[in-house]
Student: 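First, the structure itself, so that you have it in front of you.
Remember, predicted model here, so these are calculated numbers, not experimental data.
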Amino acid sequence: MLVTLEGLDGSGKTTVWERLRADDALPTDATFTREPTDSWYGEAVQRSIDDADADSVAELFLYTADHAAHLAETVRPGLDDGGLVVSDRYSDSRYAYQGATLAETDWFADPLDYVREVHAPWTRPPDLTLFLDLDPETAARRSGATNKFETADYLADVRENYDRLRAADPERFVTVDATADPDAVYERVRSAIVERL
Ligand SMILES: Nc1ncnc2c1ncn2[C@@H]1O[C@H](COP(=O)(O)OP(=O)(O)OP(=O)(O)O)[C@@H](O)[C@H]1O
Ligand SMILES: Cc1cn([C@H]2C[C@H](O)[C@@H](COP(=O)(O)O)O2)c(=O)[nH]c1=O
């Protein structure tokens with residue numbers, strides 16, 4: 001089963017992911033992974049994140065290349081024989097974030113749809129996605145505004161894209177109020193995963 005954690009910067013995904021990793025209720029052979037990855041593709045993505053002037057189309061394809069390698073080297077092998085894979089960010093991050101970045105150009109009638117179409121023939125959709133829901137202002141504050149994506153204005157556009165994704169796939173998404181205290185957020189995420197195992 002492929003489980004993904006999604007949400008705005010600062011919504012608490014990594015905090016939850018680290019606790020899941022240490023939780024005995026999950027199979028001991030589960031794979032815990034993340035995007036961007038720590039491969040050389042992920043390092044290229046990181047260079048783009050750190051470049052305020054990075055070309056937005058080039059950036060989409062850097063993230064997408066990282067996703068392709070992540071799928072081949074980590075996600076698909078981890079899912080073999082019914083394995084559990086838990087990923088801190090995955091393809092929905094691309095649809096929501098690059099969908100928002102590409103909307104700043106006028107090349108795409110529907111940028112989110114374009115990014116989805118690029119992935120559709122070869123990606124592996126998640127079975128369950130925990131969406132940690134947070135308002136853009138709190139997200140920008142919590143994340144410390146350390147990169148170009150972490151502004152309330154941009155995150156408001158990203159959140160709208162996540163809203164669209166959730167509306168299109170209500171069975172897959174479980175929304176968790178990320179303003180709740182960390183223990184409550186964790187319990188909600190944990191029980192949603194355990195229920196589906
Ligand atoms: N439920 C919560 N309530 C208040 N603060 C929280 C909560 N969960 C996490 N935090 C704090 O918010 C900050 C961001 O958390 P975390 O790194 O887990 O978020 P993230 O979604 O992984 O962010 P990013 O996408 O930017 O990596 C950290 O300082 C963390 O301690
Ligand atoms: C996977 C992915 C990530 N991003 C953005 C979101 C964050 O601002 C950074 C790094 O992610 P992290 O969780 O804070 O480490 O990259 C993106 O724009 N598109 C993506 O596909």
Side-chain angles (χ1 to χ4, degrees), residues 4-21 31-75 85-108 110-119 122-124 126 129-165 178 182:
T4 60
L5 300 171
E6 291 285 355
L8 301 185
D9 295 72
S11 56
K13 298 175 301 300
T14 306
T15 303
V16 164
W17 182 84
E18 278 167 359
R19 283 185 72 171
L20 288 170
R21 206 173 183 170
T31 302
F32 286 86
T33 185
R34 66 188 310 273
E35 291 186 10
T37 69
D38 57 8
S39 69
W40 69 264
Y41 302 101
E43 283 166 21
V45 167
Q46 197 55 55
R47 284 182 64 176
S48 188
I49 293 173
D50 294 338
D51 179 358
D53 299 322
D55 180 87
S56 53
V57 177
E59 188 164 76
L60 163 67
F61 287 106
L62 287 174
Y63 276 112
T64 305
D66 188 41
H67 180 62
H70 187 215
L71 264 178
E73 290 162 19
T74 306
V75 177
V85 176
V86 181
S87 187
D88 178 357
R89 292 196 184 281
Y90 191 72
S91 48
D92 290 307
S93 285
R94 216 121 43 252
Y95 309 154
Y97 281 75
Q98 277 58 60
T101 309
L102 296 177
E104 291 162 14
T105 75
D106 57 3
W107 297 324
F108 307 95
D110 185 336
L112 184 154
D113 232 34
Y114 172 73
V115 181
R116 268 200 304 213
E117 277 167 24
V118 165
H119 286 66
W122 54 274
T123 193
R124 177 5 176 130
T129 298
L130 284 311
F131 178 69
L132 274 54
D133 193 19
L134 192 62
D135 60 276
E137 290 74 22
T138 310
R141 185 171 41 74
R142 274 202 208 162
S143 64
T146 55
N147 72 43
K148 62 187 177 185
F149 298 122
E150 294 171 346
T151 68
D153 280 353
Y154 176 72
L155 292 175
D157 294 341
V158 173
R159 194 187 196 202
E160 275 181 26
N161 284 342
Y162 273 124
D163 289 346
R164 229 179 110 183
L165 294 166

Student: Would you say D9 and Y154 are linked by a side-chain donor-acceptor pair, where the criterion is simply a distance under 3.5 Å?
Tutor: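 Checked: Y154/D9 side chains show no N/O donor-acceptor pair below 3.5 Å.
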
Student: Would you give the length of the straight line joining atom CG of D113 to atom CZ of F108, rounded to the nearest 0.5 angstrom?
Tutor: 12.0 Å

Student: Taking salt bridge (charged side-chain N to carboxylate O under 4.0 Å, His left out) as the definition, give me every residue that meets it alongside D66, ordered by chain and number, with sequence neighbours left out.
Tutor: none

Student: Give every residue pair that meets the salt bridge (Lys or Arg N to Asp or Glu O under 4.0 Å) criterion with at least one member in residues 38-55, sequence neighbours excluded.
Tutor: none

Student: Supply the atom-to-atom distance E117 CD to L112 CG, rounded to the nearest 0.5 angstrom.
Tutor: 10.5 Å

Student: I need the T37 OG1 to W40 CH2 distance, nearest 0.5 Å.
Tutor: 10.0 Å

Student: Scan V16, T14, T4, L20 and name whichever one has a side chain to side chain contact (heavy atoms under 4.5 Å, CB included) with D88.
Tutor: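 Among V16, T14, T4, L20, the one that satisfies the side chain to side chain contact (heavy atoms under 4.5 Å, CB included) with D88 is T14.
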
Student: Describe, in one word, how the ring planes of Y114 and F61 are oriented to each other, choosing from parallel (under 30°), tilted (30 to 60°) and perpendicular (over 60°).
Tutor: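 If you compare the ring of Y114 with that of F61, the planes turn out perpendicular.
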
Student: How close do A68 and W122 get, counting heavy atoms only, and between which atoms?
Tutor: CA-CZ3, 3.6 Å

Student: Cut-off 3.5 Å, side chains only: do S56 and Q98 have a donor facing an acceptor?
Tutor: no

Student: Nearest heavy-atom pair of P36 and I49: which atoms, and what distance?
Tutor: CG-CD1, 4.3 Å

Student: Go through the steps to decide whether R164 and D110 satisfy the test side chain to side chain contact (heavy atoms under 4.5 Å, CB included), and finish with yes or no.
Tutor: CA-CA 12 Å; R164 229 179 110 183; D110 185 336; 2.8 Å; yes

Student: I need the minimum non-hydrogen distance between D92 and P126, along with the two atoms involved.
Tutor: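 Looks like OD2-CG, 4.4 Å.
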
Student: If I take atom CD from residue E6 and atom CG from residue D133, how far apart are they, to the nearest 0.5 angstrom?
Tutor: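 Going from the CD atom of E6 to the CG atom of D133 covers 12.5 Å.
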
Student: How far apart are the C-alpha atoms of T123 and H67, what are their side-chain angles, what is the distance that settles it, and do they pass the side chain to side chain donor-acceptor pair (under 3.5 Å) test?
Tutor: CA-CA 8 Å; T123 193; H67 180 62; 2.7 Å; yes

Student: Given side chains that start at C-beta, do those of L130 and W17 come closer than 4.5 Å, heavy atoms only?
Tutor: no

Student: Tell me yes or no: between the side chains of E59 and S48, is some donor less than 3.5 Å from an acceptor?
Tutor: yes

Student: For D135 and R159, what are the C-alpha separation, side-chain angles and deciding distance, and is it a salt bridge (charged side-chain N to carboxylate O under 4.0 Å, His left out)?
Tutor: CA-CA 8 Å; D135 60 276; R159 194 187 196 202; over 6 Å; no

Student: Checking Y63 against R89 for the side chain to side chain donor-acceptor pair (under 3.5 Å) test, could you report, in this order, the C-alpha distance in whole Å, the side-chain angles of both residues, the deciding distance, and whether it holds?
Tutor: CA-CA 11 Å; Y63 276 112; R89 292 196 184 281; over 6 Å; no

Student: Apply the test side chain to side chain contact (heavy atoms under 4.5 Å, CB included) to residues Y95 and Y90: give CA-CA distance (whole Å), side-chain angles for both, the deciding distance (0.1 Å), then the verdict.
Tutor: CA-CA 9 Å; Y95 309 154; Y90 191 72; over 6 Å; no

Student: Please report the shortest heavy-atom distance between A100 and V158, naming the atom on each side.
Tutor: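 Smallest heavy-atom distance, with atoms named: CB-CG2, 4.0 Å.
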
Student: Any donor-acceptor pair under 3.5 Å linking the side chain of R116 with the backbone of V118?
Tutor: no

Student: Does any N or O in the side chain of E150 come within less than 3.5 Å of the main-chain N or O of N147, such that one atom is a donor and the other an acceptor?
Tutor: yes

Student: How long is the straight-line distance from CZ of F131 back to OH of Y162, given to the nearest 0.5 Å?
Tutor: 6.5 Å

Student: Can you tell me how far the OG1 atom of T101 sits from the CZ atom of R94, to the nearest 0.5 Å?
Tutor: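 Nearest 0.5 Å value for the OG1-CZ distance: 12.0 Å.
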
Student: Over all heavy atoms of both residues, which pair between P136 and A152 is shortest? Give the atoms and the distance, please.
Tutor: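 The answer is CB-O, 3.4 Å.
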
Student: Using every non-hydrogen atom in the two residues, find where L8 and L155 come nearest and quote the distance to one decimal.
Tutor: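 Closest pair (atom of L8, atom of L155, distance): CD2-O, 3.7 Å.
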
